[in-house]
Amino acid sequence: MILSEKITELRKRQGLSQEDFGAEIGVSRQAVSKWEMAQTTPDLSKIMAMSEFFGVSTDFLLKDEYDLTYLNNTSIEKAVVSAEDALVEESSRDTRNISKDNMVELSEVQAYIDVKKKAAKSFVIAVFLFCLSPFPGIIMSLFNEGLAVVGAIVQIIILIIMAILIILTLWKLAPYKNILKEDMELGFGVRGVIEEYKKSFEHTFILGIIIGVVSLLAAVIPMMIVSIFNKENNVTIIISALIMLIIFAFGISCIVYVVTINQGYKRILKMK
């Protein structure tokens, strides 16, 4: 198929007149007419302009062995390639979306740290409630043995409050179990920020452990002193026991508080 025939067929496929087609590539209607009648041949610049306009190769225009059948086959091949490219792009987009879904950003991490700090405070309150829960009943029974049952009820109520506090705290932490898995990835720059947080917390962590351990060891001192100097005064014994439990609760609370927060940092840093 010669060039003049190809120009004619391609122009008609576009639904253009000779004048409209000439205007598109910058020639007159007469020039187009002479090309299609094979009276003249377009120069190279016009061949390239037609190639771009029709979306075909210059080889197709210039080589007589290529006809419109070749063009149709090429179009099908292009469509297949385009479809494959679209699938690849979609797959890449899905992969990017998965990566994005698998990414934990700094805002999420900071929200988790805030919840973890609040949880540490709640655990401290729970420890004090647990350690001091027997005392209302003990004090009531000291002044009136008939109030021992009331004291036991008060103790149960305190323990129920403690249990509710722990359950609510764990409920607030529960959503982060799915977010902060080890197979999740930290967003850009998040690891460095958390490492700085953890490093700045190390002093508080060590101090909390030391104070906690010392408090646990020192908790028995009030009872030891009372047992040596005052063995018969029940009020003094109860007061010393109360002081002992307060010191014990304080020591446990110090350890629980710093360990809870430090575990939060460690859990974040375990991610990729």
Side-chain angles (χ1 to χ4, degrees), residues 108-142 148 150-177 179-180 193-228 230 234-270:
E108 295 174 298
V109 171
Q110 288 177 329
Y112 169 69
I113 292 173
D114 290 340
V115 173
K116 199 71 173 176
K117 288 180 179 179
K118 292 178 181 177
K121 294 178 182 178
S122 298
F123 290 148
V124 167
I125 296 172
V127 168
F128 270 95
L129 289 174
F130 178 79
C131 292
L132 301 180
S133 62
F135 269 90
I138 294 173
I139 294 172
M140 288 180 184
S141 62
L142 180 65
V150 178
I153 294 173
V154 172
Q155 181 179 4
I156 292 172
I157 293 173
I158 293 173
L159 292 176
I160 291 173
I161 294 172
M162 179 204 72
I164 293 173
L165 179 62
I166 292 174
I167 291 171
L168 289 175
T169 301
L170 295 176
W171 177 73
K172 290 178 181 178
L173 287 169
Y176 294 95
K177 290 182 179 179
I179 297 175
L180 302 179
V193 173
I194 300 305
E195 286 176 347
E196 286 296 323
Y197 285 170
K198 187 175 183 297
K199 185 177 180 181
S200 63
F201 184 73
E202 283 180 0
H203 176 74
T204 304
F205 176 74
I206 295 171
L207 186 62
I209 296 296
I210 293 173
I211 293 174
V213 172
V214 172
S215 298
L216 292 177
L217 295 175
V220 297
I221 294 177
M223 288 296 295
M224 291 175 63
I225 293 173
V226 170
S227 64
I228 294 173
N230 192 347
N234 290 335
V235 175
T236 306
I237 292 173
I238 291 174
I239 292 174
S240 63
L242 177 59
I243 294 172
M244 180 189 72
L245 283 180
I246 290 174
I247 296 173
F248 182 82
F250 176 75
I252 292 292
S253 297
C254 288
I255 295 173
V256 168
Y257 181 79
V258 296
V259 167
T260 300
I261 295 175
N262 194 62
Q263 282 181 340
Y265 291 132
K266 289 173 68 176
R267 180 175 181 178
I268 294 169
L269 294 175
K270 282 183 179 179

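Values below: all heavy atoms of this structure, side chains included; hydrogens, waters and symmetry mates excluded.
Side-chain contact between V258 and L207: absent, with no pair of heavy atoms (C-beta onward) separated by less than 4.5 Å. At least one side-chain heavy atom of P222 sits under 4.5 Å from a side-chain heavy atom of I247. A heavy-atom distance below 4.5 Å is not found between the side chains of F205 and I261.
Here the CD-CD1 distance, from Q110 to I268, works out to 9.5 Å after rounding to the nearest 0.5 Å. How far CG of L242 is from CG of L132: 6.5 Å, rounded to the nearest 0.5 Å. One distance of note links OG1 of T169 with NZ of K121; it measures 12.5 Å at 0.5 Å rounding. Atom OG in S122 sits 13.0 Å away from atom CD1 in I167 (nearest 0.5 Å). Distance CD/Q263 to NZ/K270: 8.5 Å, rounded to 0.5 Å. From N262, atom CG reaches atom OH of Y257 across 12.0 Å, with rounding to the nearest 0.5 Å.
For the pair L129 and I158, the tightest heavy-atom approach, listed with the atom from each and the gap, is O-CG2, 3.6 Å. Across K116 and T260, no two heavy atoms sit closer than the pair CE-O, 3.1 Å. Pairing each heavy atom of F123 with each of I166, the nearest pair is CE2-CG2, 4.5 Å. When every heavy atom of A126 is checked against every heavy atom of L165, the shortest pair comes out as N-CD2, 4.0 Å. Looking at every heavy atom in both residues, A241 comes nearest to F135 through C-CZ, 3.4 Å. Between V213 and I255, the closest heavy-atom pair is N-CD1, 4.1 Å.
Y265 and E202 share no donor-acceptor pair across their side chains, judged by distance under 3.5 Å alone.
Few gaps surround CZ on F201; more than 12 heavy atoms of other groups in view lie less than 6.0 Å from it.
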Determine whether I209 and V259 satisfy the following criterion, side chain to side chain contact (heavy atoms under 4.5 Å, CB included), listing intermediate values before the conclusion. CA-CA 8 Å; I209 296 296; V259 167; 4.0 Å; yes
